[in-house]
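Pasting a structure here, questions to come.
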Amino acid sequence: VEEVIEQADYLYGSGETEKLYRLLVQHKTSEDAELLWRLARASRDLAQLSSTSAEEKQQLVYEALEYAKRALEKNESNFAAHKWYAICISDVGDYEGIKAKIANAFVIKEHFQRAIELNPKDATSIHLMGIWCYSFADMPWYQRKIAAMLFATPPTSTYKEALRYFHMAEEADPNFYSKNLLFLGKTYLKLNNKKMALLWLSKAKEYPAHTEEDKQVQKEALELLNSI
């Protein structure tokens, strides 16, 4: 198992998504949480590629959730298993409608918070908790209405709370992720602080683009800078 994990981490670091998935999927019956959450991540990464068809994407998203769920069952105190379980539930929500998405929100928050408790240094979990807060602060009125009808206390948050998490993520690991810089800028815009928004959006725009996502971030940061 250790050899496979070492190989997997090397491939992940090199951005070899398809090779990584092919390596790990051979071990899908494994009982090892470390291996299973990596397989969940690899399945999800493959689903995100622009070359993946819509049909394959849906299949991979559900597959990823299954692996993440098994990783959690094998080791409840593995922070990465909690993190990837939350991410995968969130992805599945895109296929199951607004009602399921809102119901899942409570579960997602719980697992991100558990991941942060288990590993307070993991900037990604903290960033994702920030994204959770931002999404609910930014929720359109009609979705709020549905949420209020379905739940006595629907999930809510504020931009200030989101901002706190994005800054905490930056403190845990400065400059670790282009999207965290982008969301710092976007959140400051929502809070009408243009000076700070300009600072963080400029950082996001200057961030070296290693992945498709980084390129998207650069593009969005540039558009927002031009609109200020």
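No hydrogens, no waters, no symmetry mates; every other heavy atom, side chains included, goes into these values. What you are looking at is a predicted structure, and each value in this text was computed from that prediction instead of being measured.
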query: Which distance, rounded to the nearest 0.5 Å, do you find between the CG of D138 and the NZ of K190?
result: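 Rounded to the nearest 0.5 Å, the CG-NZ separation comes to 4.0 Å.
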message: Taking the side chain as everything from C-beta on, heavy atoms only, tell me whether E170 gets closer than 4.5 Å to L181.
response: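 With C-beta onward as the side chain, the pair touches.
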message: Counting C-beta onward and ignoring hydrogens, is there a side-chain heavy-atom pair between C88 and V92 closer than 4.5 Å?
response: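 Contact flag for C88/V92 side chains = no.
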- prompt: Given side chains that start at C-beta, do those of I146 and K99 come closer than 4.5 Å, heavy atoms only?
  reply: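 In short, these two side chains do not touch, never coming nearer than 4.5 Å.
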query: Would a 4.5 Å heavy-atom cut-off, applied to side chains only, mark K101 and E96 as touching?
result: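 Sidechains of E96 and K101: no contact.
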message: Check whether D214 reaches the backbone of H210 with its side chain - one donor and one acceptor, N or O, closer than 3.5 Å.
response: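 Present.
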message: Test of understanding: clusters of I, L, V, M, F, W, Y form through side-chain heavy atoms closer than 4.5 Å, transitively. Do L11 and L35 belong to the same one?
response: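 Linked, L11 and L35 end up in one cluster.
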field: Between NZ on residue K83 and CG on residue L128, distance to nearest 0.5 Å
entry: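 Here the rounded value is 7.0 Å.
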message: Hydrophobic clusters here meaning ILVMFWY residues chained together by side-chain heavy-atom distances under 4.5 Å, can you tell me if L65 and V107 are in one?
response: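 Same hydrophobic cluster.
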- request: Nearest 0.5 Å please: distance from the CD1 atom of I108 over to the OG atom of S135.
  value: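 That separation rounds to 9.0 Å.
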message: Tell me whether I98 shares a hydrophobic cluster with F136, the cluster being built from Ile, Leu, Val, Met, Phe, Trp, Tyr side chains joined at under 4.5 Å.
response: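 They do share one cluster, since a chain of ILVMFWY contacts under 4.5 Å joins I98 to F136.
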- prompt: Partners of T187 by side chain to side chain donor-acceptor pair (under 3.5 Å), sequence neighbours excluded?
  reply: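 With sequence neighbours excluded, T187 shows a side chain to side chain donor-acceptor pair (under 3.5 Å) to no residue whatsoever.
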field: Nearest heavy atoms of L118 and E76, plus distance in Å
entry: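 It is CD1-O, 4.2 Å.
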Heavy-atom side-chain contact between F106 and F151 under 4.5 Å: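 F106 reaches F151 side chain to side chain.
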- prompt: Any idea which heavy atoms bring W200 and G185 closest together, and the distance?
  reply: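 Residues W200 and G185, closest heavy atoms: CB-N, 3.5 Å.
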query: Below 4.5 Å, heavy atoms only, C-beta onward: do E213 and Y177 meet side chain to side chain?
result: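 Counting from C-beta outward, E213 and Y177 do come under 4.5 Å.
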message: Can a side-chain donor-acceptor contact be found between S157 and E161 if the only test is distance below 3.5 angstrom?
response: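 Yes, a side-chain donor-acceptor pair sits under 3.5 Å.
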message: Evaluate L225 against L198 for side chain to side chain contact (heavy atoms under 4.5 Å, CB included), listing each step before the verdict.
response: CA-CA 7 Å; L225 282 165; L198 284 167; 3.7 Å; yes
field: Nearest-0.5 Å distance that lies between atom CD in E220 and atom NZ in K205
entry: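 Between E220 CD and K205 NZ, I get 14.5 Å after rounding to 0.5 Å.
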query: Should we count CD of Q59 as having more than 12 external heavy atoms under 6.0 Å?
result: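 Check fails, neighbour count at 12 or below.
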- prompt: What distance separates T124 OG1 from I131 CD1, expressed to the nearest 0.5 Å?
  reply: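 Answer for the OG1-CD1 pair, T124 versus I131, is 11.5 Å.
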- prompt: Under a single-linkage definition using a 4.5 Å side-chain heavy-atom cutoff for Ile, Leu, Val, Met, Phe, Trp and Tyr, are L199 and L222 assigned to the same hydrophobic cluster?
  reply: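 Not linked; separate clusters.
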message: Looking at P140, is its backbone amide N or carbonyl O close enough to the side chain of Q143 to form a donor-acceptor pair, meaning the two atoms are under 3.5 Å apart?
response: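 No; zero donor-acceptor contacts below 3.5 Å.
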E73/R70 ion pair, N-O < 4.0 Å: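 Not counted as a salt bridge, because no side-chain N and carboxylate O are separated by less than 4.0 Å.
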Residues I228, L201; criterion side chain to side chain contact (heavy atoms under 4.5 Å, CB included); working and verdict: CA-CA 11 Å; I228 295 175; L201 290 171; 3.8 Å; yes
- prompt: Are any side-chain N or O atoms of R38 and backbone N or O atoms of E34, one a donor and one an acceptor, separated by less than 3.5 Å?
  reply: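 A pair under 3.5 Å: yes.
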Within 45° cone of F183 ring axis and under 6.0 Å: K186 NZ or CZ: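 Flagged: K186 positioned over aromatic ring of F183.
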message: For A86 versus H111, what's the shortest heavy-atom pair and its separation?
response: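 For A86 and H111, the tightest heavy-atom pair comes out as CB-CB, 3.9 Å.
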query: Quick one: does P155's side chain get under 4.5 Å of W132's, heavy atoms only?
result: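 Of all side-chain heavy-atom pairs linking W132 with P155, at least one is under 4.5 Å.
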- request: Take Y95 and Y62, measure what side chain to side chain contact (heavy atoms under 4.5 Å, CB included) needs, and give me the verdict at the end.
  value: CA-CA 10 Å; Y95 297 100; Y62 278 92; 3.6 Å; yes
message: So which atom in L191 and which in Y159 form the shortest heavy-atom distance, rounded to 0.1 Å?
response: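 Where L191 meets Y159 most closely, the heavy atoms are CD2-CB, 3.8 Å.
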task: Please lay out, stage by stage, how R114 and L72 fare under the test side chain to side chain contact (heavy atoms under 4.5 Å, CB included).
output: CA-CA 12 Å; R114 187 76 185 110; L72 254 190; over 6 Å; no
Minimal non-hydrogen separation, V61 against D91, with atom names: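 Heavy atoms only, the tightest pair is CG1-CB, 3.7 Å.
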- prompt: Taking atom types as modelled and ignoring hydrogens, do the side chains of N175 and Y207 form a donor-acceptor contact shorter than 3.5 angstrom?
  reply: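 There is no such pair between these side chains.
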query: Between H127 and F166, is the ring centre distance below 6.0 Å?
result: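 Ring centroids of H127 and F166 are less than 6.0 Å from each other.
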message: Tell me whether I102 shares a hydrophobic cluster with Y85, the cluster being built from Ile, Leu, Val, Met, Phe, Trp, Tyr side chains joined at under 4.5 Å.
response: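 Linked within one cluster.
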If you look only at distance, which donor and acceptor atoms sit under 3.5 Å apart when one is on a side chain in residues 19-27 and the other is two or more places apart or in another chain?
residue	atom	partner	partner atom	Å
Y21	OH	E63	OE2	2.6
Q26	NE2	R22	O	3.1

Any side-chain heavy-atom pair of N104 and S90 under 4.5 Å: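 No; the side chains remain at least 4.5 Å from each other.
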Exercise: identify the closest heavy-atom pair between R44 and I87: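 Heavy atoms of R44 and I87 come nearest at NE-CG2, 3.1 Å.
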Nearest-0.5 Å distance, CD of residue Q216 to CG of residue L182: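 So the CD of Q216 and the CG of L182 are separated by 10.5 Å.
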- prompt: Does a side chain donor of either T17 or D45 reach within less than 3.5 Å of an acceptor in the other side chain?
  reply: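 No, no side-chain donor-acceptor pair sits under 3.5 Å.
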field: Under 3.5 Å: donor-acceptor pair, side chain of R41, backbone of W84
entry: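 Side chain of R41 to backbone of W84, a donor-acceptor pair under 3.5 Å: no, none is there.
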